[in-house]
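A quick write-up on the structure given underneath.
We count ligands from 1, going down the list as the structure has it; atoms in each ligand are counted the same way. When reading the values below, keep in mind they use all heavy atoms of this one structure, side chains included, and skip hydrogens, waters and symmetry mates.
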Amino acid sequence: MIKGCIFDLDGVIVDTAKYHYLAWKRLANELGFEFTEEDNERLKGVSRMKSLEILLEIGNKDFDEETKIELAEKKNGWYVEYISKMDESEILDGVKEFLTELREKGIKISLGSVSKNAMTILKNINLLPYFDAVIDGTKVTNAKPDPEVFLKAAEELGLKPEECCVFEDAVAGIEAARRANMKVIGVGSPEILGSADKVIDGFKGITIDILNL
Ligand code: G6P
Ligand code: MG
């Protein structure tokens, strides 16, 4: 039986992928190459430094470690500027209603994101009170598809991995949930997220029945 739900943030609770994209595109353009929305798909669920590696590979550029850290910080500065303007209106449809129902029925809720900006976003959109635990990029060393982020979330909720269900929009995240021995519901398109136990296109109209997997 499912006793806890673990939510990824970017692309599940809010559509921050567009802000990540704008910031990475700005960096690519500054470095003299193009970066498309299709390229951006490869960065979903991937850590900041790994994302930079992929971006530089696309642009056929290479830099020493120190410069790479500076570039990642530059991108993050722009990203932080974008997300500082976020508010409740950016919570994706149906998310709040679903979280409310889970709380009412005694299901524990955790965040499971590798973003170091997760706390800022949860606070800006006023969703922090819904979470019993928040595991983010400041608490893990291994990014998805490593299961660390989800295992830590289960531990903090006081649950066994098999009692948890993960909600994820990224292929790397679905693999991480599998490796953690958890059920996983994909949020997005079945063509991309086919390896999940179930795929939904969003939370509008979704009820606790979805957990009968
Ligand atoms: C999430 C997003 C990725 C992002 C990563 C790190 O997994 O899907 O696109 O690169 O978090 O985010 P951060 O806010 O720490 O740069
Ligand atoms: Mg995501």
Output the list of atoms in ligand 1 that are nearer than 4.0 Å to some heavy atom of [X], sorted by atom number.
X      : answer
Lys116 : 13 (P), 14 (O), 15 (O)
Ser51  : 10 (O)
Asn117 : 13 (P), 14 (O)

Euclidean distance, Lys61 NZ relative to Thr67 OG1, rounded to 0.5 Å: 13.0 Å
Interatomic spacing from CG in Asp201 to CG in Leu193 - rounded to 0.5 Å: 11.0 Å
For [atom], what is the nearest protein heavy atom, given as residue, atom name and distance?
atom                    : result
atom 3 (C) of ligand 1  : Val46 O, 3.3 Å
atom 9 (O) of ligand 1  : Leu43 O, 3.2 Å
atom 16 (O) of ligand 1 : Arg48 NE, 2.8 Å
atom 1 (C) of ligand 1  : Asp10 OD2, 3.1 Å

Glu168 N/O/S atom closer than 2.8 Å to the Mg ion (ligand 2): no
Contact with ligand 1 for Gly45, non-hydrogen, under 4.0 angstrom: yes
Joint cluster assignment, Leu157 & Ile13, ILVMFWY side-chain distance < 4.5 Å: no
Test log, rule salt bridge (Lys or Arg N to Asp or Glu O under 4.0 Å), inputs Lys204 and Glu97: CA-CA 9 Å; Lys204 209 170 171 191; Glu97 292 78 0; over 6 Å; no
Whether over 12 other heavy atoms sit under 6.0 Å from Glu88 CD: yes
Atom NZ of Lys50 with >12 non-hydrogen neighbours under 6.0 angstrom: no
Under-4.0 Å salt bridge between Arg179 and Glu175: yes
Leu71 vs Leu31 side-chain heavy atoms within contact, under 4.5 Å: yes
Lys44 N/O to ligand 1 N/O under 3.5 Å: no
Option set Ala170, Ser115, Ser113, criterion heavy-atom distance to atom 11 (O) of ligand 1, minimum: Ser115
Asp8 OD2 and Asp10 O subtending at the Mg ion (ligand 2) (10° steps): 90°
Donor-acceptor side-chain pairing of His20 and Lys44 below 3.5 angstrom: no
Atom name of the N, O or S atom in Asp169 that lies nearest to the Mg ion (ligand 2): OD1
